[in-house]
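Below is one structure; the comments refer to it alone.
Counting from 1, the numbers follow the sequence of the chain as shown.
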Amino acid sequence: MQTFNTELAIEAQSQYCNDNRLPNFSPIDGICYRCNKDVYVPVENKYGDFVSGISVEKAASTHIIDCPHCRMSYCD
């Protein structure tokens, strides 16, 4: 099961980047610069199926370089 919590995900991504000596490209407040959606909130389709969003677990284990909703790159 995935956990969605903006504050925890921001902290998890910061820790992941620090631990792996990576630049933190993710938005500091979690809000995408282009689409203005919170990248750490799940978006579902009309059937209730998960479509996009970054969970706390994903933020703690991957380098976030783009918006999961609009796909804008944060590292270009």
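Between atom OG of residue Ser14 and atom CG of residue Leu22 there is a gap of 11.5 Å, rounded to the nearest 0.5 Å. In this structure, CG on Leu8 lies 8.5 Å from OG1 on Thr3, to the nearest 0.5 angstrom. For the atom pair CG of Asn24 and CG of Asn18, the computed distance is 8.0 Å after rounding to the nearest 0.5 Å.
Under the 4.5 Å side-chain heavy-atom criterion for Ile, Leu, Val, Met, Phe, Trp and Tyr, Val39 and Tyr33 are members of the same hydrophobic cluster. Ile31 and Val43 are members of different hydrophobic clusters when ILVMFWY side chains are connected at heavy-atom separations under 4.5 Å. Val41 and Val51 end up in different hydrophobic clusters when Ile, Leu, Val, Met, Phe, Trp and Tyr side chains are linked at under 4.5 Å. Under a hydrophobic-cluster definition in which Ile, Leu, Val, Met, Phe, Trp and Tyr are linked whenever side-chain heavy atoms come within less than 4.5 Å, directly or via other members, Ile10 and Phe25 are assigned to the same cluster. Taken together through direct or relayed side-chain contacts under 4.5 Å among Ile, Leu, Val, Met, Phe, Trp and Tyr, Tyr74 and Tyr40 form part of one hydrophobic cluster.
For Tyr16, the ring-ring contact (aromatic ring centres under 6.0 Å, His included) test picks out no residue, with sequence neighbours left out. Residues passing the side-chain hydrogen bond (donor to acceptor under 3.5 Å, both in side chains) test with Thr62, sequence neighbours excluded: none. Residues forming a side chain to side chain contact (heavy atoms under 4.5 Å, CB included) with Asp66 (at least two apart in sequence, or on another chain): Arg71.
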- After noting the C-alpha distance and the side-chain angles of Phe4 and Asp38, does the key distance pass the side-chain contact (heavy atoms from CB on, under 4.5 Å) rule? CA-CA 11 Å; Phe4 290 93; Asp38 188 333; over 6 Å; no

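In terms of heavy-atom proximity, Glu7 sits nearest to Asn5 at N-OD1, 3.1 Å. Heavy-atom minimum distance, His69 versus Cys35: CB-SG, 4.2 Å. When every heavy atom of Pro68 is checked against every heavy atom of Ser52, the shortest pair comes out as O-CB, 3.2 Å. Listed here is the closest heavy atom pair of Cys70 and Arg34: O-NH1, 3.3 Å.
Between the side chain of Gln13 and the main chain of Ser26, no donor-acceptor pair closer than 3.5 Å is present. Gln2 contributes no side-chain N or O that, together with a main-chain N or O of Glu57, makes up a donor-acceptor pair within less than 3.5 Å.
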